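Note sheet for the following structure.
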Amino acid sequence: MKKSQYITIFITLFITSIAIGQSLPSGEDILKNVNERNEGEHLIQDLKMTLINKKGKKQIRDVKSYRKDYDNQRKTILVFTKPSNVKNTAFMSYDYTDKTKDDDQWLYLPALRKTRRISAANRGDYFLGTDFTYEDIKLGTKMSESDYHYKTIKEEIINGHPCILLEAIPRTDKIARELGYSKVHQWVDKGIWMVRQTKYWDIAGNDLKTTYVKDIKKIQEVWTFQALEAINHKNNHKTAMVFGNSDYNTVIDDVLFSEESLVRGAN
Amino acid sequence: MKASYYITVLFFLILNLIVNAQNDSIISKKKYISNTQFTMLVDARTSIEFKSANVQKAEFFIRPELDMPLSKNFRLKMIGRVYTEIFDNLEPGKPEQDAVSEFSKRALIGDRLEAELREFYFDWKIGKHYLTFGKQQIVWGKSDGLKILDIVNPTNFRAFLLDDFDNSRIPLWAIKADLKLSKINAQLIWIPDMTYHDFPPQTGIFFPTALFSDVPQGVSVINNPLAKPDKKLIKNADYGIRVSAFLNGWDVTVNYLYQYDNFPVTKTMTNDVNDDITISPMFKRYHLFGGTFSNAFGNYTLRGEIGYSKDKYFSSNNSNVSEGIFKSDQIMGVVGIDYSGISNSTLSFQIFEDYIYNNQNTIGRETSETNASFLIDRRFANETLTASVICVQNLNEGDGFVRPKVTYLVSNNLTASLGADLFYGNESRPFGQFKSLNRVSLGLQLGI
């Protein structure tokens with residue numbers, strides 16, 4: 001091949017890459033769009049969690065969840081309703097938008113009949129045996145601005161939906177250790193600005209898990225995912241979450257988000 | 001007029017008020033009732049003593065639970081328990097339950113089988129407030145293992161401190177109001193149920209001998225029956241208030257309880273003529289002031305609890321103490337730190353202090369008693385396997401106990417556990433007295 005041909009190919013590739021780069025929104029723009037997506041102020045949902053280990057053994061748990069957004073914080077309660085050996089176990093979280101402030105979390109243990117204050121610092125721990133960490137549960141399909149640097153990679157079709165692939169790298173090693181991730185790839189649906197798929201790498205850079213957001217529907221004017229699945233590639237454990245009876249219209253009373261309320265199963 | 005009459009009238013009066021206050025249509029009432037949940041726990045546990053290799057107990061629990069919404073703001077909760085211990089070692093024969101009120105007694109069917117209405121209460125939401133009335137457990141405090149403020153409900157000591165507190169706490173007929181007042185919550189309680197700690201008979205293997213006085217040998221003893229307060233539902237009821245708030249990241253409560261001490265004192269009178277001793281166990285009233293706090297700092301959670309008892313009575317083993325009882329103030333406190341910086345693990349350390357200001361040889365203890373506890377808990381395989389060790393040690397005399405345990409989730413509804421209960425220390429001490437009963441235990445729990 002002649003030298004001039006190399007130069008032509010190089011220039012063509014260079015121009016093409018600039019064109020693609022220009023056509024993709026920046027990581028910051030995607031982050032903004034995703035995090036500004038309407039999630040409703042109040043949400044009550046039923047949740048069925050199925051945990052499946054590599055031998056196929058299943059644990060099924062029914063959960064009632066309540067979430068309310070305030071100006072500077074989000075309050076969440078999850079109450080286990082089945083099976084009877086975990087019934088009434090409840091988790092409550094106050095998540096603050098001010099990242100300098102630690103979130104507050106409580107766990108009600110029916111065997112003790114006491115609500116325990118728990119540390120929110122171990123956000124990379126797995127939530128009650130699932131393949132989602134406390135941080136994953138907290139974020140839902142939102143993205144963390146303070147934890148990662150984001151970069152758009154390319155466009156890809158995921159289950160027939162055009163998505164933008166974002167690469168998220170923890171801002172510091174300390175954050176990476178806290179989260180348990182060294183790198184995250186997120187496929188964001190550019191039509192509705194919701195993450196449809198996420199792939200995680202552990203601290204050592206090995207494949208860790210992939211999560212899939214499924215069955216997305218508009219309910220009461222809010223884009224809502226009806227199913228969530230996580231597959232842990234290291235231990236072949238799987239968690240499937242199916243959501244039902246999503247209700248954004250019922251106003252949740254502030255009194256629900258209290259220790260006293262946890263004791264009575266948020267009833 | 002009998003107390004039972006007042007309680008029955010009051011109960012139906014409130015029920016009638018509530019039912020009439022509900023404006024739900026028949027359709028919506030049916031909808032609420034269709035959300036009724038009925039669940040059941042079946043437990044089988046057996047323990048074998050290390051020393052004798054004898055089976056110490058083989059017990060079965062069936063615990064049905066009904067949670068029935070009757071309207072949007074009104075629900076009924078009912079928990080029963082059928083219990084049997086095949087070897088009849090914990091409460092041999094038919095326990096008298098003489099410290100338990102008529103309304104709260106277990107129904108004993110022979111020596112080995114009992115049935116109990118554990119809880120039966122209505123929860124009524126009135127605006128932002130709640131009224132809970134019926135038989136219930138009211139749990140205060142933040143500590144684990146040993147109790148400071150968690151004394152609203154008395155305890156069944158048939159297995160000393162080894163039963164889960166949820167099982168050993170004796171539910172009481174009470175009215176509890178949880179009031180939401182701006183940024184604070186106030187809980188008011190009225191407990192007309194005159195039930196106190198239920199100790200096993202002296203033939204029970206876990207009868208806490210170290211907590212009761214020895215009678216000198218060769219002396220004739222007249223044992224009076226346990227004297228309970230008169231059945232005056234207002235005058236002799238227990239009353240309490242707890243104010244709680246979430247302030248700048250701190251969970252804080254301030255507590256006050258005016259109650260008859262659940263632990264009886266023993267008045268001892270000596271007949272000057274023939275040296276006979278008359279022993280009269282009875283309950284005395286006192287004021288308990290206290291509070292709790294907790295907050296999380298990074299991987300650490302700090303929690304604490306304090307209780308100051310005013311004018312509390314104690315039994316003495318000093319023959320110079322008039323009638324064998326004396327009055328003193330007492331302060332108890334605990335500070336605990338939980339550490340969760342190790343993945344899927346919890347480490348917890350607590351230190352308890354208990355001080356009697358005007359101690360005059362209280363039975364079974366010293367003026368100042370310090371206990372420490374340590375817990376390590378680790379969860380494996382997506383929390384299907386849990387291993388834990390809890391250790392409680394008295395720092396005065398060095399007696400204590402260690403409880404290692406492994407719990408495995410066999411299937412969605414079935415849990416198996418293997419553990420040991422190991423007491424150590426001087427046999428005259430509260431923990432050391434049970435060291436001959438050290439045991440290994442196996443349990444199965446089925447949720448239906």
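The shown structure was predicted, so the numbers you read here are calculated from the model rather than taken from an experiment. Just so it is clear: chains get the letters A, B, ... in the order the sequence lines come, proteins before strands, and each one is counted from 1.
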Give a yes or no on whether the backbone of [Y] and the side-chain of [X] come within a donor-acceptor separation of less than 3.5 Å.
X: A:Ser119; Y: B:Tyr300; value: no
X: A:Asp125; Y: B:Ser343; value: no
X: A:Asn85; Y: B:Gly447; value: no

Are B:Glu383 and A:Leu51 close enough that some pair of their side-chain heavy atoms sits under 4.5 Å apart? no
Please tell me if the side chains of A:Asp253 and B:Lys180 come closer than 4.5 Å, counting only heavy atoms from C-beta onward. no
Side chain, backbone, both or neither: which part of [X] has a heavy atom under 4.5 Å from chain A?
X: B:Tyr339; result: neither
X: B:Thr346; result: neither
X: B:Asn185; result: side chain

At a heavy-atom separation under 4.5 Å, does A:Lys101 approach chain B through its side chain, its backbone, both, or neither? neither
Name of the residue among A:Asp131, A:Asn53, A:Thr130 meeting side-chain contact (heavy atoms from CB on, under 4.5 Å) with B:Asn382: A:Asp131
Selection from B:Asp164, B:Thr415, B:Asp123, B:Asp67 maximising heavy-atom pairs under 4.5 Å formed with chain A: B:Asp123
Flag the one option from B:Asn167, B:Ile342, B:Asn295, B:Thr132 with the top tally of heavy-atom pairs under 4.5 Å to chain A. B:Asn295
For residues A:Leu112 and B:Arg169, report the shortest heavy-atom separation together with the two atoms involved. O-NH2, 3.6 Å
Between B:Lys142 and A:Glu259, is the closest basic N to carboxylate O distance under 4.0 Å? yes
